[in-house]
Amino acid sequence: FIVTTRLTPEDKSVLTSSFAFDLGYTTIYPPLLTGAQLHILNKESYMMPGSLLSYISRRGITYLKMTPSLFSPLAASDNFTGKTCWSLRLLVLGGEAINVRDVERAYQSCRNLQIMNHYGPTEATIGCIAQFIHREDQETFKARPTIGKPIFNTRVYILDRYTRLAP
């Protein structure tokens, strides 16, 4: 994950969940392991789109990991612009289905932004599937959203209604 996202000591991130929430681990450890900054805000600050966008702009935040449902009000905000998100280069969304319109709005607003879909159940140690949603492939993603491919050293097993697990 760290190699794929290319986090560096120059990056700055904000924890947008509780420490106890599984998403927190993929927000906490990548910055700390790469020497990047990890900013910790109170819940009221990161849950309010205007407050979070202002913080991103003032502090030059470069990396966000959040759920799509937390990102949706941010993307819908009139303050979500290239001016407020000038520093944001990487947005990792995970834990839920992504609203394709939010991806479209983000790419329209932020020129330097890359978005990654990072998926995996808690039972799989949080994230085990990842894929960048490339700016030039938005139409493909809108037509058929995908969650990506297994990350290094993992396997994914797809079960459908016809698959039976042995007792």
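We're numbering straight along the sequence, starting at 1.
- Note: Arg101 CZ to Arg105 CZ = 7.0 Å, rounded to the nearest 0.5 Å.
- Within the structure, side chain to side chain donor-acceptor pair (under 3.5 Å) pairs that include any residue of residues 70-80 comprise Ser72-Asp102 (at least two apart or interchain).
- A donor-acceptor pair under 3.5 Å is absent between the side-chain atoms of Ser57 and the main chain of Leu53, judged by distance alone.
- Residues that satisfy the side chain to side chain contact (heavy atoms under 4.5 Å, CB included) test with Gln114, not counting sequence neighbours, are Leu90, Phe132.
- Hydrophobic clustering of Ile, Leu, Val, Met, Phe, Trp and Tyr side chains at less than 4.5 Å, counting indirect connections, unites Ile61 with Met47.
- Considering only residues two or more places apart in sequence or on other chains, Ser109 meets the side chain to side chain donor-acceptor pair (under 3.5 Å) condition with none of them.
- Glu96 meets the side chain to side chain contact (heavy atoms under 4.5 Å, CB included) test with Thr67, Pro68, Ser69; sequence neighbours excluded.
- Atom CD of Gln37 sits about 11.0 Å away from atom CG of Leu32, to the nearest 0.5 Å.
- Atom CG of Asp137 sits in a crowded spot, with more than 12 heavy atoms from other residues, nucleotides or ligands closer than 6.0 Å.
- Atom CG of residue Leu7 and atom OG of residue Ser13 lie 7.5 Å apart, to the nearest 0.5 angstrom.
- The structure places CD1 of Ile56 at 10.5 Å from OG1 of Thr62, a figure rounded to the nearest 0.5 Å.
- For the atom pair CG of Leu93 and CD1 of Ile98, the computed distance is 4.5 Å after rounding to the nearest 0.5 Å.
- In this structure, Leu33 CG and Ile28 CD1 are separated by 11.0 Å, a value rounded to the nearest 0.5 Å.
- A search for side chain to side chain contact (heavy atoms under 4.5 Å, CB included) contacts involving Arg111 returns nothing, not counting sequence neighbours.
- Partners of Glu10 according to the side chain to side chain donor-acceptor pair (under 3.5 Å) rule, which considers only residues two or more places apart in sequence or in another chain, are Thr8.
- A 4.5 Å side-chain heavy-atom check between Leu70 and Tyr46 finds at least one atom pair inside the cut-off.
- No donor-acceptor distance shorter than 3.5 angstrom exists from the side chain of Lys12 to the backbone of Ala36, with no hydrogens or angles considered.
- When side chains are defined from C-beta on, Leu52 counts as touching Leu41, because their heavy atoms get closer than 4.5 Å.
- Thr34 places a side-chain N or O within donor-acceptor distance of the main-chain N or O of Pro31, the cut-off being under 3.5 Å.
- Applying the side chain to side chain contact (heavy atoms under 4.5 Å, CB included) rule to Leu88 yields the partners Leu64, Cys85, Leu113; only residues at least two apart in sequence or on another chain are considered.
- Between the side chain of Thr16 and the main chain of Lys65, a donor-acceptor pair closer than 3.5 Å is present.
- Phe80 has its side chain within reach of Cys110: a pair of non-hydrogen atoms, C-beta onward, lies under 4.5 Å apart.
- Here salt bridge (Lys or Arg N to Asp or Glu O under 4.0 Å) pairs that include residues 80-89, with residues two or more places apart or in two chains, are Asp11-Arg89.
- Considering every non-hydrogen atom in both Tyr107 and Ile115, the closest pair reads OH-N, 3.0 Å.
- Every residue meeting the side chain to side chain donor-acceptor pair (under 3.5 Å) condition with Tyr55, not counting sequence neighbours, appears here in chain and number order: His39.
- Every residue meeting the side chain to side chain donor-acceptor pair (under 3.5 Å) condition with Ser45, not counting sequence neighbours, appears here in chain and number order: Asn42.
- Residues Asn99 and Val103 are not in side-chain contact: their nearest non-hydrogen atoms beyond the backbone lie 4.5 Å or more apart.
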